[in-house]
Amino acid sequence: MPRTLRIVSVAALAALFAVTGARAADAPPSIASLFQRVPDLPATAEEAATWVDKTGRLVHPGLLALKADIAAHQRAMEQVLLATAQDGQAQGAVVADNLDKGLASVGIDMARMQRDPAYAKEVQDRMRQMSPQELMAMSQKMNAPLNADPRFTNQAQAMVDDTPVVRAAAEAGRAYTEAQPARLQSHQKLWREADDAAAKVRRKPLQVAVAKPKMEWENIGCDAGCRAAWDAYATAMLPLMIARDTEALRVHRATLQRHRAAVADGLKTADKHLVASQYGAASRSQAHRGWIAGYDGAALGEISFLIERITDSVKSAAVVAHCGKQSVLAPGAVCR
């Protein structure tokens, strides 16, 4: 890719991600705005049943829209990664093109070295006999064509030339990404404890005044009187089961609030760095762009983790509310 085209592509990405007082209509939503839209868990099991259908499929409009916008943000970031990959390929081609010229300038035939082992050994032997000063001079002469090529971007220099804002974003992104495994372990521990506590709630025996029929409801011998007794029992038991699910759901609700509070500052900081650096599009350094893209991906991962836990929580809380009396009459059957 010609250097002018590479610059245009980065500029276009910068425009795409530019955030002003009024963000462009087609610009992806920021990390901060996505995080702000993560809802609290519903307060009751009955409400949870409105978030998913009987199959457990998510139907909550706000969460579905949030997941769609996260996907849109990821697609936009893929363009930054694509530009970085294209830049790397173009730079590789420039290096290869100048390598032959540089070798020729010091009397080395690269093509012959590749096909003639004896010649390759001769070159290696000659270089072993050279002093450090001679090797340095040879290296400088070999690199002269590359350094003089206007298409070549010295990546070490590009890192130095990036603005302080971009460098700060890259360093923050590298640190945040490196800390991601530890954060994930902490989140998983938090939710394991919540799941264990919720399971303990669901194991609590329920006391109901109506006697449970001795014959199973699904037994072929369960006549009209038996079924009437089961219906009375289910009518008394169902509200207690739903209340127990609500209690378990509230354990998850409190955990979600703790989790959100734990990651809020980190995501707020990430959003500031990402917006300021135009999500890496403002950088000419491949390394900086990679760290900033990783920053964005890790921050999105935090939000996606929350959405997954919300979805799991409402699914488990909604089962009895969806199935109704069937949860009592035939608890092992598929909810219809």
Walk me through whether Thr255 and Arg309 qualify under side chain to side chain contact (heavy atoms under 4.5 Å, CB included).
CA-CA 10 Å; Thr255 301; Arg309 291 307 325 205; over 6 Å; no
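To the nearest 0.5 Å, atoms OG (Ser30) and NZ (Lys272) are separated by 12.5 Å. Note that CD1 of Ile31 and NZ of Lys268 are 15.5 Å apart. Values are rounded to the nearest 0.5 Å. The CG atom of Leu249 sits 10.0 Å away from atom CG of Leu256, with the distance rounded to the nearest 0.5 Å.
Between the side chains of Asp312 and His252, no donor-acceptor pair is found at a separation under 3.5 Å.
Closest approach of Pro39 and Leu63 over heavy atoms only: CD-CD2, 3.7 Å. Minimum heavy-atom separation, Pro42 to Ala48: CG-CA, 3.8 Å. The two residues Val251 and Ala194 have their closest heavy-atom pair at CG1-O, 3.7 Å. In this structure, Val314 and Thr311 approach most closely via the heavy-atom pair CG2-O, 3.2 Å. Nearest heavy atoms, Pro29 versus Leu34: CG-CD2, 3.7 Å. Counting all heavy atoms, side chain and backbone alike, Thr246 lies closest to Ala43 at CG2-O, 3.4 Å.
Residues Val275 and Ile303 are members of one and the same hydrophobic cluster, defined by side-chain heavy-atom contacts under 4.5 angstrom among Ile, Leu, Val, Met, Phe, Trp and Tyr. Both Ile292 and Ile70 belong to a single network of hydrophobic side chains, linked directly or stepwise wherever heavy atoms of I, L, V, M, F, W or Y lie under 4.5 Å apart. Under a hydrophobic clustering in which Ile, Leu, Val, Met, Phe, Trp and Tyr are joined whenever their side-chain heavy atoms come within less than 4.5 Å, directly or via other members, Leu306 and Leu58 fall into the same cluster.
Judged purely by atom type and a 3.5 angstrom limit, Thr50 uses its side chain to pair as donor or acceptor with the backbone of Glu47. No donor-acceptor distance shorter than 3.5 angstrom exists from the side chain of Ser283 to the backbone of Gly280, with no hydrogens or angles considered. Judged by distance alone, with hydrogens and angles left aside, the side-chain atoms of Arg289 form no donor-acceptor pair with the main-chain N or O of Ala281 at under 3.5 Å. For the pair Arg183 (side chain) and Val263 (backbone), a donor-acceptor distance under 3.5 Å is absent. With hydrogens and angles ignored, the 3.5 Å screen pairs a side-chain donor or acceptor of Arg260 with a backbone N or O of Val38. Judged purely by atom type and a 3.5 angstrom limit, Asp245 has no side-chain atom pairing as donor or acceptor with the backbone of Ala318. A donor-acceptor contact shorter than 3.5 Å links the side chain of His322 to the backbone of Val52. Within the 3.5 Å criterion, the main-chain N or O of Arg174 finds no donor-acceptor partner in the side chain of Thr177.
For Asp196, the CG atom is densely surrounded, since the number of other residues' heavy atoms within 6.0 Å is greater than 12.
His60 meets the ring-ring contact (aromatic ring centres under 6.0 Å, His included) test with Trp51; sequence neighbours excluded. Phe35 meets the ring-ring contact (aromatic ring centres under 6.0 Å, His included) test with no other residue; sequence neighbours excluded.
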Could you list the donor-acceptor pairs under 3.5 angstrom formed between side-chain atoms of residues 226-244 and any protein atom two or more places apart in sequence or on another chain?
| unit_1 | atom_1 | unit_2 | atom_2 | d |
| --- | --- | --- | --- | --- |
| Trp230 | NE1 | Met215 | O | 2.7 |
| Asp231 | OD1 | Lys325 | NZ | 2.9 |
| Thr235 | OG1 | Asp231 | O | 2.7 |
| Thr235 | OG1 | Lys325 | NZ | 3.0 |
| Arg244 | NH1 | Arg202 | O | 3.3 |
| Arg244 | NH1 | Lys204 | O | 2.6 |

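Put simply, the residue from Arg167, Arg284, His288 that forms a side chain to side chain donor-acceptor pair (under 3.5 Å) with Asp162 is His288.
Using cut-offs of 30° and 60° on the angle between ring planes, the pair His73 and Tyr279 is perpendicular.
Side-chain rings of Tyr176 and His273 stay apart, their centers remaining 6.0 Å or farther from each other.
Salt bridge Lys189/Glu193: present, at least one basic N to carboxylate O contact under 4.0 Å.
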